[in-house]
Amino acid sequence: MKKFKFIYLIVAFGLFATISCEDVLDTKASDAFAEDLIYSDPDQVERLVFTAYNSTESWGLNKNQWWSRRFNIEGASFEAKFNFNDLDLYRVRAGWTAANVGVFKEKWTNYWFYVRSINEFLDRIDDSEAMQANPNKVNVLKAEMKFLRANIYSKLISFYGGVPILENALGLNDNFNLVRDSYEDCVTFIVKDLDEAAAVLPETRPDSEYGRATKLAALAVKSRTLLYAASKLHDPAFAPKNDPLYVYTKASKWQDAANAAKAIIDIVGARDLMAVSNATEYQNLFLTPNQDNIFVRPYGATYYDFGTDVNSLWDQTQSPSGYGGWALSSPTHNFALEFNMADGTKTSGVGSTYNPASPNANREMRYYANLNFQGAMFRGRAVDYALLTPATTGNSELNGPDSPKGLVDGIGINQAHSSKTGYNIRKFQNESVALTAVSPQRPYILYRLAEVYLNYAEALYHVGGQEATARQFLNKVVTRALQPAVTASGTDLLEAIKKERRIELCFEGHNFFDERRWMNEANLGFDVKGLKWTKTAADVYSFTEYTVVTRPWFGRQYYLPIPATEVEKAPAMLQNDGY
């Protein structure tokens with residue numbers, strides 16, 4: 001069955017890709033696309049909405065760049081590093097400048113392109129013939145557009161701080177010298193859009209509309225937005241600069257964040273997450289539609305991430321090199337140590353059962369579901385990063401097939417992509433299909449119930465006096481992962497909530513923002529650690545821990561800079577601090 005009529009998205013995105021490098025504030029003649037005809041027909045109007053769904057995040061960080069449509073933001077976070085030749089494509093080591101942010105370059109332009117197209121829709125829809133012909137349908141479409149605009153703005157303020165609030169599309173005679181609104185005003189604007197959308201959107205969708213916005217989706221964006229706003233990064237006492245562009249001053253901020261999560265919890269009845277009994281069942285949760293997913297971007301045979309480029313999916317781009325994968329995001333050993341042991345103890349500290357000589361033994365279930373590591377069984381064989389010692393003079397079958405010198409059937413496959421850290425990403429990969437095949441309706445998850453429970457736990461902790469309820473919802477996530485329930489209190493409870501976010505939500509685009517909003521600089525600038533594996537001809541394996549690269553921390557990089565070209569064209573657009 002075709003879902004969500006994705007064929008229209010493919011065609012529409014082809015148009016977007018050709019113009020996305022143009023000035024986001026450029027205007028075009030109002031009759032350029034026969035708009036009167038489009039707005040006279042509810043079905044044509046619906047296709048405009050389908051097009052706007054391309055504004056959501058997906059497997060690739062940036063669709064308009066060859067490299068970054070094949071990996072996401074995880075390589076600029078504590079979770080992972082970009083793998084090919086240790087290139088600094090994110091510029092997290094060189095440092096961002098207003099003229100160069102590496103693969104983040106297109107974020108500003110792309111987001112504003114969709115804001116403008118959505119605003120054009122909202123400017124015209126109320127007085128359109130389509131609204132008169134079918135107000136029930138078109139009002140839902142209008143709510144979807146408000147939801148999508150709010151979701152874009154939520155991303156914009158996470159990357160840039162306060163940005164201009166544009167409720168209407170700019171015309172030829174409008175002032176383009178825009179002024180940035182305060183972070184707090186942006187949050188208020190986002191919440192208003194989401195509340196209005198949630199009041200109209202359906203609570204559920206039929207299978208034929210899988211991937212379209214619902215009331216729960218709008219509430220989930222609100223929950224994340226308010227949690228981020230309440231966080232340390234936006235507290236005037238801790239923010240890098242006490243400036244309206246960055247701070248959030250509402251006294252009720254943590255209660256507001258808790259209430260936003262609770263609105264979803266009340267609708268779903270505070271139910272338990274879908275139960276699993278092993279790592280494979282947990283891994284499968286991320287491959288097919290299920291009730292824990294609140295808002296996703298679905299993929300399948302009808303629609304790939306970038307036109308018909310199946311290499312945008314993670315099977316090809318994240319598998320170990322010897323399988324034909326590109327292994328573009330290598331999880332760090334630092335991050336791998338965040339996963340607990342099967343008995344619930346940590347990998348360090350009093351009572352730990354971790355054996356540093358056997359780093360992959362007796363780990364918690366999610367370690368095996370989310371990571372590929374030395375010896376992991378994957379697609380019919382064990383992952384093997386090990387180089388033969390004493391070293392061979394060239395490539396050899398005696399080296400691990402996933403090593404820099406390994407051969408598979410006498411052929412070296414993607415050797416330059418061999419993991420530098422001793423890990424690859426397993427999450428989101430469907431091992432039941434070929435490496436370059438597509439599994440029906442595999443979701444790229446944008447919002448899910450586990451996040452909402454963790455949002456609620458974190459917000460309640462900060463409200464004060466609510467630790468028991470915070471633990472209750474934290475443990476809905478912890479115990480589903482077959483880990484012992486958390487009993488901690490005080491700051492230990494907060495650290496347990498943060499740790500659970502790192503593990504449960506890994507590789508879903510959260511950690512880049514979480515470590516920043518927590519202002520946890522130890523996980524923003526650090527020595528990226530890896531394991532270098534070797535083996536003898538008798539298959540005796542050993543490893544050494546080493547520093548792959550050093551990632552410095554620049555205090556200005558809590559936010560991306562506004563692109564220098566935008567500030568030059570609009571001098572009233574204040575640049576972010578430090579740039």
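The model shown is predicted, which means the values in this text are computed figures rather than measured ones.
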Exercise for the section: Give a yes or no on whether Asp195 atom CG has more than 12 heavy-atom contacts from other residues, nucleotides or ligands under 6.0 Å away. Expected result: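 More than 12 within 6.0 Å, yes.
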
Exercise for the section: Report the relative orientation of the aromatic rings in Phe78 and Phe335; use parallel for angles under 30°, tilted for 30 to 60°, perpendicular for over 60°. Expected result: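 Perpendicular: the ring planes of Phe78 and Phe335 meet at over 60°.
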
Exercise for the section: Could you label the plane-to-plane angle of the Tyr423 and His333 rings as parallel, tilted or perpendicular, counting under 30° as parallel and over 60° as perpendicular? Expected result: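 Ring orientation, 0 to 90° scale: parallel.
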
Practice task
Using the side-chain contact (heavy atoms from CB on, under 4.5 Å) rule, take Val191 and Thr188 through it: C-alpha gap first, then chi angles, then the decisive distance, then the call.
Solution key: CA-CA 5 Å; Val191 169; Thr188 300; 5.9 Å; no

For a quick test of reading the model, state the closest non-hydrogen atom pair linking [X] to [Y] and the distance between them.
{"X": "Phe295", "Y": "Ala217", "result": "CB-CB, 3.8 Å"}
{"X": "Gln291", "Y": "Arg271", "result": "O-NH2, 2.9 Å"}
{"X": "Phe82", "Y": "Leu89", "result": "CZ-CD1, 3.4 Å"}
{"X": "Ser418", "Y": "Asp402", "result": "OG-O, 2.5 Å"}
{"X": "Ala150", "Y": "Asp193", "result": "CB-CB, 3.9 Å"}
{"X": "Ala279", "Y": "Tyr368", "result": "CB-CB, 4.0 Å"}

[X] ring center near [Y] ring center (under 6.0 Å):
{"X": "Phe71", "Y": "Tyr90", "value": "yes"}
{"X": "Tyr558", "Y": "Trp553", "value": "yes"}
{"X": "Tyr246", "Y": "His234", "value": "no"}
{"X": "Phe373", "Y": "Tyr367", "value": "yes"}
{"X": "Trp59", "Y": "Tyr444", "value": "yes"}

Practice task
Apply ring-ring contact (aromatic ring centres under 6.0 Å, His included) to Trp108 and Tyr160, showing your working.
Solution key: CA-CA 9 Å; Trp108 177 270; Tyr160 299 101; 4.9 Å; yes

Handout entry: Stepwise salt bridge (Lys or Arg N to Asp or Glu O under 4.0 Å) test for Arg471 and Glu467
Key = CA-CA 6 Å; Arg471 273 192 300 273; Glu467 286 196 0; 3.6 Å; yes

Donor-acceptor contact present, side-chain [X] to main-chain [Y], <3.5 Å:
{"X": "Asp527", "Y": "Lys529", "value": "no"}
{"X": "Gln255", "Y": "Val463", "value": "no"}
{"X": "Thr317", "Y": "Trp326", "value": "no"}
{"X": "Gln575", "Y": "Ile562", "value": "yes"}
{"X": "Arg70", "Y": "Leu61", "value": "no"}
{"X": "Asn334", "Y": "Val528", "value": "no"}
{"X": "Ser182", "Y": "Asp185", "value": "yes"}
{"X": "Arg180", "Y": "Leu574", "value": "yes"}
{"X": "Asn511", "Y": "Ser77", "value": "no"}
{"X": "Ser352", "Y": "Lys346", "value": "yes"}

Approximate separation, where rounding is to 0.5 Å, of [X] [atom1] and [Y] [atom2]:
{"X": "Thr332", "Y": "Glu79", "atom1": "OG1", "atom2": "CD", "value": "8.5 Å"}
{"X": "Ile190", "Y": "Leu156", "atom1": "CD1", "atom2": "CG", "value": "8.0 Å"}
{"X": "Thr479", "Y": "Leu273", "atom1": "OG1", "atom2": "CG", "value": "8.0 Å"}
{"X": "Asn576", "Y": "Leu245", "atom1": "CG", "atom2": "CG", "value": "7.0 Å"}
{"X": "Lys499", "Y": "Ile497", "atom1": "NZ", "atom2": "CD1", "value": "14.0 Å"}
{"X": "Asn340", "Y": "Asn362", "atom1": "CG", "atom2": "CG", "value": "13.0 Å"}

Is the shortest distance from a Lys or Arg side-chain nitrogen in [X] or [Y] to a carboxylate oxygen in the other one below 4.0 Å?
{"X": "Arg448", "Y": "Glu504", "result": "yes"}
{"X": "Lys420", "Y": "Asp86", "result": "no"}
{"X": "Glu458", "Y": "Arg517", "result": "yes"}
{"X": "Glu144", "Y": "Arg212", "result": "yes"}
{"X": "Asp343", "Y": "Arg363", "result": "no"}
{"X": "Glu495", "Y": "Lys498", "result": "yes"}
{"X": "Lys250", "Y": "Glu184", "result": "no"}
{"X": "Glu500", "Y": "Arg366", "result": "yes"}
{"X": "Asp88", "Y": "Lys81", "result": "no"}

Exercise for the section: Could you check Glu196 against Lys146 for salt bridge (Lys or Arg N to Asp or Glu O under 4.0 Å), going step by step and ending with a plain yes or no? Expected result: CA-CA 8 Å; Glu196 291 175 358; Lys146 285 194 171 185; 2.4 Å; yes

Heavy-atom check, side chain of [X] versus side chain of [Y], under 4.5 Å:
{"X": "Ile445", "Y": "Phe428", "result": "yes"}
{"X": "Ser277", "Y": "Tyr282", "result": "no"}
{"X": "Asp235", "Y": "Val247", "result": "no"}
{"X": "Met519", "Y": "Leu524", "result": "no"}

Exercise for the section: Give the intermediate values and the outcome of side-chain contact (heavy atoms from CB on, under 4.5 Å) for residues Gln429 and Gln318. Expected result: CA-CA 8 Å; Gln429 297 206 44; Gln318 300 295 352; 3.8 Å; yes

Cation-pi check, [X] to [Y]: give yes when NZ or CZ is under 6.0 Å from the six-membered ring centre and within 45° of the ring axis, no otherwise.
{"X": "Arg516", "Y": "Phe512", "value": "yes"}
{"X": "Lys107", "Y": "Phe104", "value": "no"}
{"X": "Lys427", "Y": "Phe286", "value": "yes"}

Practice task
Could you go through the side-chain contact (heavy atoms from CB on, under 4.5 Å) check for Leu482 and Glu364 one step at a time?
Solution key: CA-CA 8 Å; Leu482 310 182; Glu364 66 160 286; over 6 Å; no

Problem - side-chain hydrogen bond (donor to acceptor under 3.5 Å, both in side chains) assessment of Asn62 paired with Ser68 - result: CA-CA 5 Å; Asn62 192 324; Ser68 61; 4.7 Å; no

Exercise for the section: Tell me, with the steps shown, if Arg502 and Glu515 meet salt bridge (Lys or Arg N to Asp or Glu O under 4.0 Å). Expected result: CA-CA 9 Å; Arg502 292 187 187 105; Glu515 304 293 354; 2.7 Å; yes

Practice task
Could you please spell out the steps behind the salt bridge (Lys or Arg N to Asp or Glu O under 4.0 Å) verdict for Arg442 and Asp315?
Solution key: CA-CA 12 Å; Arg442 188 185 333 189; Asp315 302 281; 2.5 Å; yes

